[in-house]
Amino acid sequence: MLQLQAIRDSKNDFITALKKRNIDGTPLLEKAIELDDKRRETQTQLDKTLAESNALSKEIGMLFKSGKAQEANVLKEKTGVLKEESKVLNDALATVAEELQTVLYQIPNIPHNSVPAGNTDEDNEEVFSEGDIPELVSNAMPHWELAKKYDIIDFELGVKITGAGFPVYKGKGARLQRALIAYFLDKNTEAGYTEIQVPHLVNEASGYGTGQLPDKEGQMYHVGEDDLYLIPTAEIPVTNLFRGEILKEEQFPICYTAYTPCFRREAGSYGAHVRGLNRLHQFDKVEIVRVEHPSKSFEALDGMVEHVKNILRELKLPYRVLRLCGGDLGFTSSLTYDFEVFSTAQDRWLEISSVSNFEAYQTNRLKLRYKDENGKSQLAHTLNGSSLALPRVLAGILENYQVEDGIEIPEVLIPYCGFSKID
RNA sequence: GGAGAAUUGGCAGAGUGGUCGAAUGCGGCAGUCUUGAAAACUGUUGAGGGUCACACCUCCGGGGGUUCGAAUCCCUCAUUCUCCGCCA
């Protein structure tokens, strides 16, 4: 959520920046300012009424104490009017505040200067690429065929017990998955991230805190009986650990990593691109989350990008890094780098990580602040990234590492797997 | 799931209808003293709105109510603790 003061100060810059998202921010920003004016005006009136009423109450108290009950009763009648007034004003204030909130929820984050304009993923800007695209055997297969051939992932079985998009991993497939999780967590821990385990269900307030609610309500599984949401990403529970906190500057940087399953309804997805592991309702992910001083957040973002590069380099997967264009940028993000692994067998790039700086957009909702050197509360910055999303890394490994008689295991994973080949 | 108790500032802990945004202690910060540190002493120390700055307003788990006036009374929800039951 944008800060009103920032909107007031930089309205025109924001409008220009929002054009990169193909959004005309003018009506919403102006509406926000207008409602804020109204809110302040109403608040001031209410405050005045309350002040008057408070003064009277005090006076009444004094009169009663000194035994002048009659005079007190005269004053009492006066307060009735004020009470009515303040009730009306209070309702008005609540209404305006809610309207303002609704408007603010509709405004996405302001894209960073470096974000290219554009509509679709076609307009994303490739900023880095590395790794050799392997030459595969002539009868190379996509991962869903490999999975069947070596009996390591069973999609039909998942359909039987749950539905489409809930695969069952078997034998070496399951072990490879577990190995990846352990490997990622180890890499992240080495890099200074503290490993934590968090709940996989969150309440409504957490959903609002990181921005999944109210706009992406339909993307999350909701447990109606208890009014809880299955997390679509560890970002929600991990970032919300700090909801409402006021940090000390010396606590920065805060770096956490967590493995969780992720649950996504993926309503509206279809077609060949959702085959196999490409798009699932439940998948595993290891996430990194940082809470940073505003002056350090972009430096931190670069650091996270380097960190993920490092992992992919070790896995020897061919990948590229994209700077997302305005149209492809997530609602709450200011700058996002996507990582994609090339799958030779599918002849396409698979998104395996997304690393973002949200600046103060989430922390404004979360009320996550720190005390600056003058002792004033300031909003912190939050960042997160996947390191990494399991299914597509798995797909990338299966497809890129296939040989005539099986699938080789990347060297760094062999100690984690306990085997060097799936066959 | 049943019965009882509790929820106050960073922490501990007073406060049971009026001058309480809240005693006191600890912690934090600043200063005095000291070569330096500790101790001691002095001052300061919740958040948000509002203002040029004050004033002023809101917040004592959340929400609602009673009252001229609520941290204090009532209702409700949540959470925590103790006992019982059940259980990986």
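Just the heavy atoms: all of them, side chains too, but no hydrogens, waters or symmetry mates, feed the values below. Below, read A as the first sequence line, B as the second, and so on, with proteins coming before strands; counting in each chain starts at 1. Because the structure is predicted, anything quoted here is derived from the model rather than measured.
- A nucleotide of RNA chain B counts as in contact with chain A when one of its atoms lies under 4.0 Å from a heavy atom; the first and last such, 5' to 3', are B/G18 to B/G69.
- Taking atom C1' in both B/G46 and B/A23, one finds a spacing of 16 Å when rounded to whole Å.
- A salt bridge links A/Lys285 with A/Glu287: the distance from a Lys NZ or Arg NE/NH1/NH2 to an Asp or Glu carboxylate oxygen falls below 4.0 Å.
- B/C56: Watson-Crick or G-U partner is B/G49, with both key distances under 3.5 Å.
- Taking the C1' atoms as reference points, B/G50 lies 11 Å from B/U58, given to the whole Å.
- Close placement of the A/Tyr193 and A/His307 rings is indicated, their centers lying within 6.0 Å of each other.
- Among the atoms of the strands shown, none is found under 4.0 Å from any heavy atom of A/Asn73.
- Heavy atoms of A/Thr79 sit under 4.0 angstrom from primed sugar atoms or phosphate atoms, though from no base atom.
- Remark: B/C73 base-pairs with B/G65. Criterion, Watson-Crick or G-U wobble with two distances under 3.5 Å.
- A donor-acceptor pair is defined here as one N or O able to donate and one able to accept, closer than 3.5 Å; no such pair exists between the side chain of A/Arg264 and the backbone of A/His281.
- Figure legend. B/G1 is base-paired to B/C84; pairs are counted as Watson-Crick or G-U wobble with both atom distances under 3.5 Å.
- A/Arg39 has a carboxylate O that lies under 4.0 Å from a charged side-chain N of A/Asp36, or vice versa, which qualifies the two as a salt bridge.
- Residue A/Leu75 is out of contact with every strand shown, counting any heavy-atom pair closer than 4.0 Å.
- Pair check for B/U44 finds B/G28; Watson-Crick or G-U wobble, both atom distances under 3.5 Å.
- A salt bridge does not link A/Asp154 to A/Lys148: none of the charged nitrogens lies less than 4.0 Å from a carboxylate oxygen.
- When the side-chain hydrogen bond (donor to acceptor under 3.5 Å, both in side chains) test is applied to A/Lys11, the partners found at least two apart in sequence or on another chain are A/Glu30.
- As the counterpart of B/A6, B/U79 is assigned, both hydrogen-bonding distances of the Watson-Crick or G-U wobble pattern falling under 3.5 Å.
- Base pairing of B/A38 is not made with any nucleotide, judged by Watson-Crick or G-U wobble geometry with both donor-acceptor distances under 3.5 Å.
- Using a 4.0 Å cut-off between charged nitrogen and carboxylate oxygen, A/Lys19 and A/Asp24 do not count as a salt-bridge pair.
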